[in-house]
> 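Take this structure first; my questions come after.
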Amino acid sequence: MKKNWMLSLVLAANVWSAGAQQVAPAIPRDEKIEQQVESLLQKMTLDEKIGQMCELTIDVLQDRSGGQDAKDFRLSEAMLDSVFGKYKVGSILNVPQGKAQPVEKWQEIIRRIQKKSMEEIGIPCIYGVDQIHGTTYTRGGTLFPQGINMGAAFNRELTRREAEISAYETKAGSIPWTYAPVTDLGRDPRWPRMWENYGEDCYVNAEMGREAVLGFQGNDPNHIGPNHIAACMKHYMGYGVPVSGKDRTPSSITVQDMREKHFAPYLEMIRNGALSIMVNSAMNNGLPFHANYELLTKWLKEDLNWDGMIVTDWADINNLYARDHIAKDKKEAIKLAINAGIDMSMDPYSWDFCILLKQLVQEGEVPMSRIDDAVRRVLRLKYRLNLFEKPYYDLKDYPLFGSDAHAAVALQAAEESLVLLKNTDNLLPLVKGKKILLTGPNANSMRCLNGGWSYTWQGSNAEDCSEPYHTILEAFINKFGAENIIYEAGVTYNEKGNWWEENAPEIEKAVAAAAQADYIVACIGENSYCETPGNLNDLTLFANQRHLVQALAKTGKPIILILNEGRPRIIADIEPLARSVVNIMLPGNYGGDALANLLAGDANFSGKMPYTYPKYPHSLVTYDYKPCEHIGKPMEGAYNYDAAVNVQWAFGYGLSYTTFAYSNLRVDKPNFTADDVLTFTVDVKNTGRRAGKESVLLFSSDLVASLTPDNRRLRNFEKVELQPGETRTVTLKLKASDLAFVGYDGKWVLEAGDFRMQAGNQVLDITCTETKKWDTPNK
């Protein structure tokens, strides 16, 4: 009989480290599942145990008898025999042939793999994919905006609904596991993976990460139902602040920042039932995360008593010797990673892992208790997913796959995520019946709207998958009429080259076309990329695109800049030339339609910036900067001559076609202690002529602290919809303990003293009356 997981019987944890703290499990365990895990574990051979800890890519299983370029993917029976029959491999990942497959093909592949796994091992395979913004590797599935857009929407309900739809459509292909949500903090705009997460703030990432986990998994992580899948939090952790700005390069994060900010989303997701986690591919302060016992075992498995599973990222055990040089060979690298706490190795092309790990166990270099702990975690995940009873599903039970109802949610998400940054003299919405010149390299590209992890890894070569959807050009023709749209790109990308390569510009053609237009809508930004191939050397927007805007400005026609980019590219020289600016980031398959609706005035803007948009290449700051970054004397770098932080647009900034007035910010406990819950209320009025949605953001500033406090921190938010003239009292609750910070000794502390709270233009001072320090690492 299934039980609510919060009421499940908690069994004693079988941990391999004698130093584990006796704390309540992060996920209360199910007695029946624990008994099944122990019973099966006792029957397994060492080969079977180690096989469960290995994950290989689907490419290994491909039948290549028809040549490397065979159009139809087929499984090799010989490789199935080796992978499951001989090496007892427990997991397969990735998309066949590197491109999204029809849902029927997924069913065919998964069914064969599961049948073979059950025949050979008696244990089902767990198949994983990177469906990070909807059903991205299943043709016909629903693609949502990327994570950065979902952060800009500031809408928890939309994020959960997105994950629910993604889970449903992923399960339609019998895939039980997705490598999402991504909650790296996008705090360095140079980083090529900035768009995968929910922005620069740890609270937003924690809130959206939690909602995504609950959407993917449902409300009972011990019993994942037929419409849900297992989440895999990533990338644990600190991935988004490499010192160089390049992907998979070192970070230098203090213990205070790691605990207080980078760990916060993972702590929140684990407390809400997240079942697995993927590790950061890089290193911090010289130690690769995949060999970091403190972070993998101590922080996760011991401090939280979390019984979920830790999987590596792509080939990252190999990187310990081949790239990072902390091991002399693969065998030593395996020893370091497994003893640090890794449970499953995404190898991904070789089963050498199985051979070498067996040798390490036989030689006493990896204790059997560590193997058993890892295998328990793998088996527990498979039982929680009900894979033993239901290793695959029937497509006919998923009639809403790719449905109009799901598309409507994706369209709403796109509309709520686009950010209006400038609208001089209320140029927008556009007057109907006027001529519009659409120009720029992003005006007629689905690849640009979706970004990476969209049908293909880099988002390229997927035109046939996205053909049913509308580019910005196509959406504008549908919205404003073909007779009112003039298209002349002026600058185009070289689709046969690298993502940054452009063809020879034809700016003069766009300038000539502008003579017939009333408005110029310039769609600029970036082509799609993902991970290390997306590294760049200059954050400034490409010269050809800036020259296009500069040439068009000389025509005197009003320019609307559309920023379609995965990270904020510097546009300080052309921003003044535009009357309006819209940051659409990576809004997905329905982004073109959403933009057309918004520019036509059929929908209203409500997105707010999920990151700080820099103004200069060497002026990169986040909203929660330290006070010394904004002081009363001239400084260089992030400062202008008045010592103000120079940014193009601030975190949380965003305009609407209506206006909102804040008043009467108040709190029920102006004097408080760490055990209190504070209830803030503020009145918000729609003072304009259009209905609109407003994200009400509550910030705190610690005025004096023993460690220099951040300038301010986001503590809560709530999105409300108001009709013209309507006033609503918005309630924002805050645990007083959330105002604590991690001190120099690495412990949480809330110090007596004053705090300044802000919502809109309303400011309120409150006072903590006594200091409290926590002895446990997680308050």
Side-chain angles (χ1 to χ4, degrees), residues 23 26 147-148 150-151 154 156 159 180-188 194 196-214 231-241 251 253-274 277-280 284 289 292 294-296 298-301 303-304 306 308 310 610-611 622-626 651-652 674 697-702 705 707 709-717 732-743 746-750 774 776-779:
V23 296
I148 200 69
M150 300 307 293
F154 280 94
R156 297 177 181 88
T159 296
V182 183
T183 57
D184 308 309
L185 308 187
R187 298 173 69 80
D188 189 328
M194 186 166 174
E196 294 185 43
N197 59 78
Y198 300 108
E200 72 182 42
D201 179 62
C202 63
Y203 177 74
V204 173
N205 274 275
E207 291 292 291
M208 298 307 186
R210 179 194 64 235
E211 296 303 312
V213 165
L214 292 171
C232 185
M233 309 167 282
K234 68 182 190 184
H235 306 84
Y236 182 77
M237 60 188 163
Y239 195 16
V241 287
S251 59
I253 306 169
T254 65
V255 171
Q256 288 77 24
D257 261 7
M258 191 71 84
R259 177 72 74 179
E260 189 175 326
K261 295 180 180 178
H262 297 279
F263 188 53
Y266 300 97
L267 178 61
E268 180 68 14
M269 290 185 287
I270 284 171
R271 285 174 168 169
N272 283 273
I277 198 165
M278 185 184 292
V279 184
N280 177 354
N284 189 59
F289 284 86
N292 194 320
E294 173 76 9
L295 298 182
L296 298 180
K298 186 72 173 64
W299 285 32
L300 286 179
K301 297 180 178 181
D303 291 349
L304 296 178
W306 179 64
I310 301 176
Y611 53 77
T622 54
Y623 86 97
D624 50 353
Y625 59 84
K626 297 297 182 184
F651 170 84
L697 311 182
L698 179 68
F699 293 95
S700 74
S701 297
D702 193 344
L707 281 188
D710 294 333
N711 170 58
R712 63 177 184 160
R713 293 284 296 277
L714 181 67
R715 299 302 185 183
N716 204 342
F717 63 84
L732 300 156
K733 290 187 178 293
L734 172 64
K735 291 191 297 182
S737 59
D738 287 345
L739 295 171
F741 63 93
V742 178
K747 294 184 178 181
W748 285 96
V749 61
L750 176 62
W774 283 260
T776 56
N778 301 297
K779 57 183 175 58

> So Thr159 and Tyr198, do their side chains get closer than 4.5 Å, heavy atoms only?
yes
> Which value, rounded to the nearest 0.5 Å, describes the distance between Tyr611 atom OH and Thr622 atom OG1?
14.5 Å
> In Å and rounded to the nearest 0.5 Å, what is the CZ to CZ distance from Arg259 to Phe741?
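Between Arg259 CZ and Phe741 CZ, I get 15.5 Å after rounding to 0.5 Å.
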> Atom CG in Leu304, atom CD1 in Ile270: separation rounded to 0.5 Å?
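The CG atom of Leu304 sits 5.5 Å away from the CD1 atom of Ile270.
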> Which value, rounded to the nearest 0.5 Å, describes the distance between Met233 atom CE and Asn205 atom CG?
13.5 Å
> So, do Met194 and Asp188 sit near enough that their side-chain heavy atoms are less than 4.5 Å apart?
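The answer is no; the side chains never approach within 4.5 Å.
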> Can you tell if the side chain of Leu267 reaches within under 4.5 Å of the side chain of Trp306, non-hydrogen atoms only?
no
> How close do Ala264 and Cys202 get, heavy atom to heavy atom, and via which atoms?
CB-CB, 4.3 Å
> For Leu707 and Val749, run side-chain contact (heavy atoms from CB on, under 4.5 Å): C-alpha distance rounded to whole Å, both residues' side-chain angles, the deciding distance at 0.1 Å, then the answer.
CA-CA 11 Å; Leu707 281 188; Val749 61; over 6 Å; no
> Taking the side chain as every heavy atom from C-beta outward, state whether Trp774 and Lys747 have any pair of such atoms under 4.5 Å apart.
no
> Please give me the minimum heavy-atom distance between Gln256 and Gly743, naming the atom from each residue.
NE2-O, 3.0 Å
> Just checking, any donor-acceptor pair under 3.5 angstrom between side chains of Asp710 and Tyr623?
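No - no donor-acceptor pair under 3.5 Å links their side chains.
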> Let me see the working for Asn778 and Arg271 under side-chain contact (heavy atoms from CB on, under 4.5 Å), right down to the final yes or no.
CA-CA 11 Å; Asn778 301 297; Arg271 285 174 168 169; 3.8 Å; yes
> Less than 4.5 Å apart, any side-chain heavy atom of Trp748 and any of Val742?
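Side-chain contact under 4.5 Å: yes.
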> So do the side chains of Val241 and His262 get within less than 4.5 Å of each other, counting heavy atoms only?
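The answer is yes; the side chains approach within 4.5 Å.
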> Do you know the tightest heavy-atom contact between Asn272 and Leu214?
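Looking at all heavy atoms of both residues, the closest pair is O-CD2, 3.8 Å.
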> With a cut-off of 6.0 Å (strictly less than), are more than 12 heavy atoms of other residues, nucleotides or ligands near NZ of Lys735?
no
> Measure the spacing between CZ of Phe289 and NE2 of His235 and express it to the nearest 0.5 Å.
12.0 Å
> Is it true that Glu268 and Arg210 have a side-chain N and a carboxylate O under 4.0 angstrom from each other?
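Salt bridge between Glu268 and Arg210, a charged N being under 4.0 Å from a carboxylate O: yes.
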> Any side-chain heavy-atom pair from Met237 and Thr183 closer than 4.5 angstrom?
no
> Considering only heavy atoms from C-beta outward, does the side chain of Arg713 approach that of Glu260 to under 4.5 Å?
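Yes, side chains in contact.
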> Keeping Asn716 on the side-chain end and Leu698 on the backbone end, is there a donor-acceptor pair under 3.5 Å?
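Side chain of Asn716 to backbone of Leu698, a donor-acceptor pair under 3.5 Å: no, none is there.
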> Work out which heavy atom in Pro610 is nearest to a heavy atom in Gly151; give both atom names and the distance.
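What the structure gives for the nearest pair is CB-C, 4.0 Å.
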> Using the side chain to side chain contact (heavy atoms under 4.5 Å, CB included) criterion, which residues pair with Asn711? Sequence neighbours excluded.
Tyr625
> I would like to know whether Tyr236 and Asn280 meet side-chain contact (heavy atoms from CB on, under 4.5 Å); could you show each step before the answer?
CA-CA 5 Å; Tyr236 182 77; Asn280 177 354; 5.7 Å; no
> So, Arg715 side chain and Asp738 main chain: donor-acceptor pair closer than 3.5 Å or not?
yes
> Which atom pair, heavy atoms only, marks the closest approach of Asp702 to Pro709?
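Looks like O-CG, 3.2 Å.
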> Got a second to check how far Leu295's CG is from Tyr266's OH, nearest 0.5 Å?
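Going from CG on Leu295 over to OH on Tyr266, the span is 11.5 Å.
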> Out of Asn197, Asp624, Asp257, which one pairs with Arg187 under the side-chain hydrogen bond (donor to acceptor under 3.5 Å, both in side chains) rule?
Asp624
> Please check: side-chain N/O of Glu196 versus main-chain N/O of Gly147, any donor-acceptor pairing under 3.5 Å?
no
